[in-house]
Amino acid sequence: MAMSVSQLLIGCGESSSAASHILLLRYLNRALDSIKHDITQIFANIFCSKTKFDSNVRTCGDEDPPPPSFEHLMATMDERYQLRARDWYSKQKDYDDKRDPYAVFNVLDTMLKDSLERLKTMRQSISLPDVGFQECTLEVNYAKHVHLIRDLCLLRKVGAALWLRRKMIHKCVVPDVFTHNYLVNGLCKTGDLERADWLIREMVEMGPSPNRATFNTFIKGYCLSDNVDKALYVFSVMVNSDIRPNRVTCNILVHALCKKGLLEEAWKLLGEILEEEKDKESPDLITSTILMDGHFKNGEMVQALSLWDEMVQKNIQIDVVAYNVLIHGFCLSRQMKLAYRYFCEMLKRGLLPDVFTYNTLINGLCKDGKFEEASYIHGVMARIGVTPDPISYKIIIQGLCIYGNVGRAHNFLVCMLQKSIVPEPHIWNVIIDCYGRLGDPDSAFSIRDQMLAFGVLPNVFTFNALVHAQVKGGNIAYAYSLKKEMLLSGLYPDVVTYNMLIGAACNLGHMRLALQLHDEMLRQGYEPDMITYTELIRGHCLRGNMEVAEELFAKIQKTGLPIDHVPFQLLIKKYCKIGKFDMAYDLYQKWITRDQRDYHLHWA
DNA sequence: CGATCATCTA
């Protein structure tokens, strides 16, 4: 007799129980509820957008009532969804009437896509054990367990996979080394290196013995969690265990060292490994690409380009990634002409530029403020069949905001929404921040409302941008109320939030409030930074509390925080203003000699 | 095993 799905899910070959059936039923019910929820919401939105759309086109939209099916759905919806749909409807109104219908469809597209994705995942997770259902007979076929373990690892459900492995071992069937490698990989990808370590130790003790792939995966895991020392240690264990490292091992480590900017170490390690191997005397394409990228990012053009020349001379088949690294290198050093030259060269060689290539070029152009050209490339890539991704948009939007061209940045945001790409918080934040910076808090808040309408949750940066907008506009009371709103959204103010509020209080001479905020900040466990102290000094200077200002200044010298020019300038200016030129001169001398000392230390 | 971006406060 074949086993049931629930047995596979829960009992794994052991006798079925009523409890496991109930669990499976609950799981299926929850999945169905979730789908029902999505569909209800989609219809609710179709209903709203329809009336809205009609009223734009005709003079009176009230004439045709919604079809009965919509009415029925509206009636069956619970209050929460009605509220949400209504909120959304009214918020769209004051945004952009012309584009409204499109925005509505975009939301629907996004929701539909999202729902379909979720349906897909749910279906897969149900049919995954289902596969086993067909072939599992009383003679348990452990190959199916092995597949299940691998699939679970790829889905990042390592806990379940490990549990299944334990089950197999209890039945005296030990999964093979490949399956174990899947487990190690899953643990590394989820950042659980302790358990990966434990698993490998168990492999050494009980088998199957770890192989090269096991060690490569583990080393990569440590590199990903930014622990190169541990990665190198594992590498030494590997060598001592008589497992020969290969190219992949080498590239993983070289890459990790380059990422830390340790190019010399990378070369040294590479030399040692190549020495060991003996059969290959020079780095391959990937190693060269990694090193070239590292040199470019360190600003070492000569070394980077000599690697390129070497590749060309050795007639290595250079690929798109290597070209991308080279083009990026030229963009980094503001040599757009050369970047274009190699872009053309790769086309001539029959290599098709990908989204990385285009984004790299767009980024280079944006950094130079060449937005016409950047927009042009952005348009071209789509026509050539390389669809701009969220990063393409992020680059342009951010570039435009840095140059204060928020109107155009906003247009690109609208463009994204029209294409059903819902931007991550970062993009919204950049635009909100730019509006605030330009002294337009109303627009900043309207973007925030739109962000909410699209279901994107604001983060600390969003709130800080809004606080900044209010502080800049002189609306201190609103700025303070934002701190409360933040807490209500489950977010905590950070040092930047406090600094802005303290700064605002100081500028108004409200030193008591400023100190109160300073204390609150300490209670929340935040260390004041140079900006906090500078703001407080500014406030005390403003109020003429020079002794307190001086005390604070002495205090920051003791903290060991690097002091920049701002506190010096503040105090010197104030001393001049009140006629204490000797004090001003004294401080000036201190400042100058300190900088000279630092200058010498820096070049020593 | 390699490549694009990477926010805010004086």
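Residue numbers begin at 1 in each chain, while the letters A, B, ... track the order of the sequences.
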ask   = In terms of ring plane angle, is the pair A:Phe568 and A:Trp591 parallel, tilted or perpendicular, where the classes change at 30° and 60°?
value = parallel
task = For A:Asn363, answer base if it contacts any base atom (sugar-phosphate contacts may also be present), sugar-phosphate if it contacts only those atoms, and nothing otherwise; contact means non-hydrogen atoms under 4.0 Å.
result = sugar-phosphate
Which donor-acceptor pairs under 3.5 Å do side chains of residues 437-444 of chain A form with protein atoms, sequence neighbours excluded?
residue	atom	partner	partner atom	Å
A:Arg437	NE	A:Asp433	OD2	3.0
A:Arg437	NH2	A:Asp433	OD2	3.1
A:Asp440	OD1	A:Ser443	N	3.2
A:Asp440	OD1	A:Ser443	OG	3.1
A:Asp440	OD2	A:Ser443	OG	2.5

note = A:Phe235 meets the ring-ring contact (aromatic ring centres under 6.0 Å, His included) criterion, sequence neighbours left out, with none
ask   = Do the charged groups of A:Glu345 and A:Lys348 touch, with an N to O distance under 4.0 Å?
value = no
For residues 552-565 of chain A, run the donor-acceptor check on the side chains, cut-off 3.5 Å, and write out each pair with its distance to 0.1 Å, sequence neighbours left out.
residue	atom	partner	partner atom	Å
A:Thr559	OG1	A:Ile556	O	2.7
A:Thr559	OG1	A:Leu561	N	3.3
A:Asp564	OD1	A:Val566	N	3.2

ask   = Which residues satisfy the side-chain hydrogen bond (donor to acceptor under 3.5 Å, both in side chains) test with A:Lys590, sequence neighbours excluded?
value = none
ask   = Which part of the nucleic acid does A:Ile290 contact within heavy-atom distance under 4.0 Å: base, sugar-phosphate only, or nothing?
value = sugar-phosphate
query = So A:Tyr358 and A:Phe343, ring-ring contact (aromatic ring centres under 6.0 Å, His included) or not? Walk me through it.
reply = CA-CA 9 Å; A:Tyr358 287 105; A:Phe343 175 79; 5.7 Å; yes
task = Remember a base hit wins even if backbone is also touched, and classify A:Ile537 as base, sugar-phosphate or nothing at under 4.0 Å, heavy atoms.
result = nothing
ask   = Which of residues 377-401 of chain A sit near DNA chain B, with a heavy atom under 4.0 Å from it?
value = A:Ile391, A:Lys394, A:Ile395, A:Gln398
task = Residues of residues 368-376 of chain A with any non-hydrogen atom less than 4.0 angstrom from an atom of DNA chain B: list those, numerically ordered, please.
result = none
Under 3.5 Å side-chain donor-acceptor pair for A:Asn363 and A:Thr360 = no
inquiry  = Tell me which residues in residues 562-578 of chain A lie within less than 4.0 Å of DNA chain B, going by non-hydrogen atoms.
reply    = A:Asp564, A:Val566
Nucleotides bounding contact with chain A, strand DNA chain B, heavy-atom threshold 4.0 Å = B:dC1 to B:dA10
ask   = With sugar-phosphate meaning primed atoms plus P, OP1 and OP2, does A:Lys472 contact a base, only sugar-phosphate, or nothing at under 4.0 Å between heavy atoms?
value = nothing
ask   = How is A:Lys259 classified with respect to the nucleic acid when contacts are heavy atoms under 4.0 Å: base, sugar-phosphate, or nothing?
value = nothing
query = By side-chain hydrogen bond (donor to acceptor under 3.5 Å, both in side chains), which residues pair with A:Glu372, not counting sequence neighbours?
reply = A:Arg408
task = Could you check if a side-chain atom of A:Met486 sits within less than 4.5 angstrom of a side-chain atom of A:Val460, using non-hydrogen atoms only?
result = yes
task = With heavy atoms under 4.0 Å as the rule, sort A:Asp354 into base, sugar-phosphate or nothing.
result = base
task = Using ring-ring contact (aromatic ring centres under 6.0 Å, His included) as the criterion, list what pairs up with A:Phe412, not counting sequence neighbours.
result = A:His378
Identified ring-ring contact (aromatic ring centres under 6.0 Å, His included) counterpart of A:Tyr323 within the set A:Trp308, A:Phe330, A:Phe356 = A:Trp308
request  = Kindly state each residue pair satisfying side-chain hydrogen bond (donor to acceptor under 3.5 Å, both in side chains) with at least one member in residues 472-482 of chain A, sequence neighbours excluded.
outcome  = A:Gln470-A:Asn475
task = Classify the nucleic acid contact of A:Thr534 as base, sugar-phosphate or nothing, counting any heavy atom under 4.0 Å across all strands shown.
result = base
request  = Would you give the length of the straight line joining atom CD1 of A:Ile572 to atom SG of A:Cys541, rounded to the nearest 0.5 angstrom?
outcome  = 11.0 Å
message = Counting the atoms with a prime plus P, OP1 and OP2 as sugar-phosphate, which does A:His255 contact under 4.0 Å by heavy atoms, base, sugar-phosphate, or nothing?
response = sugar-phosphate
key: A:Lys297/A:Asp293 ion pair, N-O < 4.0 Å   = yes
request  = Kindly indicate, with the supporting measurements, whether the criterion side chain to side chain contact (heavy atoms under 4.5 Å, CB included) is fulfilled by A:Tyr233 and A:Tyr222.
outcome  = CA-CA 10 Å; A:Tyr233 168 73; A:Tyr222 274 122; over 6 Å; no
inquiry  = Within residues 494-511 of chain A, which residues have any heavy atom lying less than 4.0 Å from an atom of DNA chain B?
reply    = A:Val496, A:Asn499, A:Met500
ask   = With a non-hydrogen cut-off below 4.0 angstrom, is A:Val321 in contact with a base, only sugar-phosphate, or nothing?
value = base
